Asker: 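Below: one structure in structure tokens.
Throughout, a chain's letter reflects where its sequence line sits, starting with A, and its residues are numbered from 1. Predicted model only: the values in this text are computed from it and were never measured.
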Amino acid sequence: MNLTTSHLIALLPLLIVGTTVIVVMLGVAWRRHHVASATVTVIGLNLALLSLLAVLNVTPLEVTPLIVVDKYAVLYMALILVASLACSTLAHAYLEGLDDQREEFYMLLLCATMGGLLLVSSQHLASLFIGLELLSVPIYGMAAYTYRDRTSLEAGIKYMVLSAMASAFLLFGMALLYAEAGTLSFSGLSARMSGGELSSAWTLMGVGMMVIGLGFKLSLAPFHLWTPDVYEGAPAPVSAFLATVSKIAVFAVLLRFFMTAPATGDGWLHTVIAIIAFLSMLVGNLLALTQNNLKRLLGYSSIAHLGYLLTVIVASDGLAIETAGIYLITYVATTLGAFGVVTLVSSPYQGPDAGQLYHYRGLFWRRPYLTAVLTLMMLSLAGIPLTAGFIGKFYALAIGVESSLWWLVAGIVIGSALGLYYYLRVMVTLYLHEPGESRRDATANWGQRSGGVMVLLLALAVLVIGIYPQPIISLVRSATLITAG
Amino acid sequence: MNLLFLIAVFPLLGALALAFFRRMPVNLAALVGVGSMGLAALTTAWVDIAFLTGDQTPFVQTLWTWVAVGTFTEDFALYLDGLTVTMISVVVGVGFLIHLFASWYMREDLKEQTGYLYTRFFCYMNLFVFSMLLLVLGDNLLLIYLGWEGVGLCSYLLIGYYYRVPANAWAAFKAFIITRVGDVFLAIGMFILFATFHTLDVQEILSRAPDMWQRGDLMVELAALMLLGGAVGKSAQLPLQTWLADAMAGPTPVSALIHAATMVTAGVYLIARTHTIFELAPFTLGLVGIIGAITLLVAGFAALAQTDIKRVLAYSTMSQIAYMFLALGVGAWDAAIFHLMIHAFFKALLFLASGSVIIACHHEQNIFKMGGLSRTLKLPYACFVVGGAALAALPLVTAGFYSKDEILWLAFANGHTVLWVAGLFGAFMTSLYTFRMIFIVFHGKENTHAHPARGIAHHLPLIVLLVLSTFVGALIHPPLGNVLPTEDLVEGSTMQYVLEVLSAIVAIVGVGIAAGLFLGKRRLVNAAVGTPTGMRLWHFFHNAWGFDWLYDKVFVKPYLGLAWLHRVDWVNALVNLVPGLARVLHWGLATTQNGRLRWYAGSISVGATVLLVLLVLG
């Protein structure tokens with residue numbers, strides 16, 4: 001097929017990020033310079049973000065049978081790029097203290113971002129797989145980036161091994177589907193399945209295996225065990241990346257798959273996904289209850305949040321896309337903010353990251369504003385009104401009620417109640433008086449550093465979305481998905 | 001008429017000013033506290049004149065929308081008719097005089113009991129008047145209930161004004177808790193009315209009630225019964241009467257204002273205000289009369305065996321309100337309100353005079369330690385004689401005669417002979433215990449040296465109330481014609497004269513017997529009380545028929561027993577199962593997080609297998 005200008009425009013974000021990877025790589029080959037690499041990365045990501053405006057003019061557009069760029073894709077691309085930007089600023093603050101080669105990190109991060117961009121615009125199982133691998137493989141490196149720290153290396157290896165296993169499931173599932181349907185495109189699969197000829201056990205197995213593979217990436221129960229270990233071990237910016245970009249991209253493609261091929265979600269699969277969602281809500285929250293490590297706690301909390309989010313896929317009706325968008329936006333803003341604070345308080349080779357809760361004891365009395373941000377993020381994660389988290393949770397509940405998914409609604413309610421306990425525990429710790437023990441602290445001028453500014457902006461966003469959600473809601477509403485291929 | 005709201009605003013402003021500037025000098029505090037009442041009194045006079053010279057039609061002043069939820073809307077509105085005019089005149093008029101007296105009394109009292117704020121007293125007093133005005137002016141039950149609770153709160157705060165003495169705090173508790181029992185009934189009554197009429201607007205309820213209910217319907221009886229429950233709590237009638245005597249722990253002006261003249265009559269007002277409902281509920285209305293009759297006898301006997309001057313007056317208040325209940329019960333609505341007004345005059349007079357006596361005798365309240373005070377305390381003595389005469393309803397010259405005899409006559413004329421006999425006997429008791437008190441306090445041997453009080457703040461209220469307690473007070477006729485159903489009995493029939501003479505004789509005989517028993521050496525009484533039976537009887541009446549003992553056994557002890565049984569908090573233990581369960585699940589799940597890669601991989605495989613099996617089998 002011929003590539004026209006509009007096709008190129010539609011691919012601009014991918015191309016720009018790809019170019020940035022090359023520029024950073026060449027830069028490193030020529031002369032190592034941390035600030036320069038970080039700057040180039042940030043500029044590249046910003047350009048990609050800007051290019052989305054141009055992309056909006058050509059949507060919706062199919063670029064090859066593999067990729068479709070519609071408003072839905074643009075929204076999630078924007079979200080990925082913003083999250084990625086946030087991670088790179090955090091990484092910059094974090095890597096400053098690293099006594100090692102720092103510049104390659106940005107390359108890995110940009111590669112993974114490209115994978116995410118590809119994933120959200122994929123409409124074909126092949127591009128889905130390529131995107132997923134492009135997203136995952138750099139993360140192995142990123143997780144183990146501070147490899148002299150044993151936990152970091154362990155995190156990288158664990159993620160790699162288990163991720164490979166999940167990819168194997170995914171591939172097997174795809175193969176089964178191809179064997180049955182003879183096509184790999186979402187719309188093709190949909191067309192074959194709605195005919196009713198493909199409700200065989202093999203098809204079910206195929207879709208089921210895909211769910212297993214993607215469920216692993218989304219850290220849904222019972223495939224969640226890796227999450228806390230990797231979140232804890234990986235450097236804080238990487239955990240943030242894993243908790244945001246990776247989740248956004250995989251969830252977006254999963255939702256697109258089920259929306260484009262609704263027949264795949266029928267029958268028992270529907271029930272099984274509901275069970276997974278319910279389990280994730282409970283397991284995530286229960287595991288977090290007495291957790292003393294903030295990074296692990298955020299990991300568990302992400303399990304629970306993805307469980308809430310999965311309600312959307314179970315419901316799969318009118319509000320689903322809107323809910324997913326809003327929930328992801330609020331979740332991403334909140335998680336980034338929380339990991340941002342962790343990053344600002346941690347620095348490598350001052351010992352492991354400041355994960356333990358007691359590191360944060362009395363933080364309020366030293367860094368009141370930073371503490372306020374973390375408090376706000378905890379409130380938002382708990383879904384307290386006037387924060388973004390409340391809007392997200394409200395949508396999740398609304399869609400559950402609307403689709404009469406009472407079990408899932410009950411799960412959300414129980415989960416929120418459990419969640420409140422450990423989120424409040426974190427908050428209480430922040431305001432306790434200092435015990436006078438070894439303390440971890442952000443640098444005095446954290447507010448002027450890019451990471452600090454980013455964290456403050458996120459806090460503002462969380463508040464604004466919580467108080468006045470209308471702009472975000474209308475933005476998400478405009479992000480329609482083209483279902484008929 | 002448009003100034004109506006100002007009557008309530010002035011006391012509120014006074015209360016706020018006194019609350020915010022707690023440390024203001026005593027003189028200024030007195031000026032604010034009494035001055036706000038003075039302004040309210042002037043406004044009331046203005047409103048009264050405007051109302052009485054007009055056509056006396058009800059007037060509604062809507063201030064703002066108070067609550068608006070869905071279809072439920074309640075305005076913050078004041079309602080003025082003949083009944084309200086009577087009530088606000090009593091509340092503000094008598095209230096002003098009592099405030100004036102209190103500015104003197106508290107100054108004297110705080111010389112003995114140091115460490116209490118003068119401003120706090122007047123703050124609560126002003127707040128009380130504000131709440132009481134809301135109660136009587138409220139156009140809907142919600143507003144009335146707000147006022148109702150407000151006066152209860154102020155009563156609690158003022159009984160416990162001298163809070164450093166634990167007994168006062170307990171008395172305040174008791175008053176608050178027992179009236180709260182009544183308030184719950186009132187609230188239930190409101191719920192019933194709201195469920196039936198979907199509004200709380202009093203006038204609308206009253207006008208629609210006859211269409212909604214047949215006479216004697218179960219629902220209307222229940223609604224009336226619940227309202228009565230609230231009324232007996234507030235008005236200290238059987239069976240919720242036990243708090244009033246203990247409420248005397250408050251400063252004497254408080255007893256005069258709250259526990260004699262105004263708040264305790266709120267129950268009478270409530271029943272009169274909702275009389276349409278009670279007329280539809282003959283059983284409950286009959287019960288009102290019976291409660292009145294029994295209470296007046298119980299209180300009369302109890303008053304005979306008290307040694308504390310304020311407790312004598314407290315029991316007399318109880319019995320006089322019982323007369324009002326009796327009047328309501330026999331359908332003599334306007335007689336009840338008339339007696340309410342007259343009672344406010346003479347009982348406030350008696351309480352203020354007793355306050356004067358107490359201060360003069362250096363805070364002595366035991367009547368047996370006084371004696372012979374008529375020589376030193378001329379003005380209080382005059383007050384006691386006139387007030388006591390009005391209380392005992394001595395014929396022709398006292399105000400009480402006119403109001404009480406109207407009640408007795410109407411009870412008889414409406415065929416309630418038993419109630420009439422009870423009332424007549426009660427009248428005898430009243431004059432007996434009243435003059436017992438007067439004779440013991442003011443005659444006989446002088447047991448203590450008294451210092452007569454001086455000053456206009458002391459004299460003026462006593463003199464004004466003294467005049468109002470004579471037949472002059474009876475000349476005031478509440479403008480109730482348009483509000484309450486009137487009697488179509490012929491006034492001035494022979495039977496009425498016969499009955500009036502009879503009750504006059506009863507009252508005079510009571511005074512005579514009191515004189516025989518309690519003037520001089522009191523040999524007969526001492527001898528009677530000296531016998532074992534007499535002693536036991538005296539204790540029985542002294543403790544007001546043992547109601548406190550009974551309630552302690554029937555309610556308080558079992559309640560404390562239940563609380564003791566529940567000391568481990570079973571409900572909480574039950575609730576604690578939930579976190580316990582969460583913790584167990586947490587530990588169970590946490591063991592899966594062992595950090596071993598092969599275990600993780602294995603768990604994914606197992607999870608995948610289960611999932612696929614589910615899919616294929618399903």
Asker: Whether the side chain of A:Lys158 engages the backbone of B:Arg596 through a donor-acceptor N/O pair (distance < 3.5 Å, no angle test) should be reported.
Answerer: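 Flag not set: sc A:Lys158 to bb B:Arg596 has no pair under 3.5 Å.
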Asker: Between A:Pro222 and B:Ser603, which heavy-atom pair has the shortest distance, and what is it?
Answerer: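 Heavy-atom minimum between the residues: O-OG, 4.2 Å.
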Asker: Kindly compute the distance separating CD (A:Gln291) from CD (B:Gln593), expressed to the nearest 0.5 Å.
Answerer: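 One finds 9.0 Å between CD of A:Gln291 and CD of B:Gln593.
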Asker: Could you tell me the separation between the CG atom of B:Leu589 and the CG atom of A:Leu287, rounded to the nearest 0.5 Å?
Answerer: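 So the CG of B:Leu589 and the CG of A:Leu287 are separated by 4.5 Å.
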Asker: If you measure from CZ on A:Phe169 to OG on B:Ser605, what distance do you get to the nearest 0.5 Å?
Answerer: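 Rounded to the nearest 0.5 Å, the CZ-OG separation comes to 5.5 Å.
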Asker: Relative to chain B, which segment of A:Tyr159 carries a heavy atom at a distance below 4.5 Å: side chain, backbone, both, or neither?
Answerer: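 Neither the backbone nor the side chain of A:Tyr159 comes within 4.5 Å of chain B.
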Asker: Where do B:Ala601 and A:Met165 come nearest, in terms of heavy atoms and distance?
Answerer: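 Here B:Ala601 and A:Met165 meet closest at O-CE, 3.1 Å.
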Asker: Any chance you could measure B:Leu615, atom CG, to A:Leu269, atom CG, to the nearest 0.5 Å?
Answerer: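 Here the interatomic distance stands at 5.5 Å.
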Asker: Between B:Gly607, B:Gly595, B:Ala590, which shows the greatest number of heavy-atom pairs under 4.5 Å with chain A?
Answerer: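 Most heavy-atom pairs within the cutoff with chain A belong to B:Gly595.
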Asker: Look up atom CD1 in A:Ile275 and atom CG in B:Leu614, then write down how far apart they are to the nearest 0.5 Å.
Answerer: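 It is 5.5 Å, given to the nearest 0.5 Å.
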Asker: Within this structure, what is the NE2-OH distance for the pair A:His224 and B:Tyr600, rounded to the nearest 0.5 Å?
Answerer: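 Answer for the NE2-OH pair, A:His224 versus B:Tyr600, is 8.5 Å.
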Asker: Given that the side chain runs from C-beta out, which part of A:Ile414 has a heavy atom under 4.5 Å from chain B: side chain, backbone, both or neither?
Answerer: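 Contact with chain B is absent: no heavy atom of A:Ile414 under 4.5 Å.
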Asker: Can you name the closest pair of heavy atoms from A:Leu418 and B:Ala582 and give their distance?
Answerer: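 Nearest heavy atoms, A:Leu418 then B:Ala582: CD2-CB, 3.9 Å.
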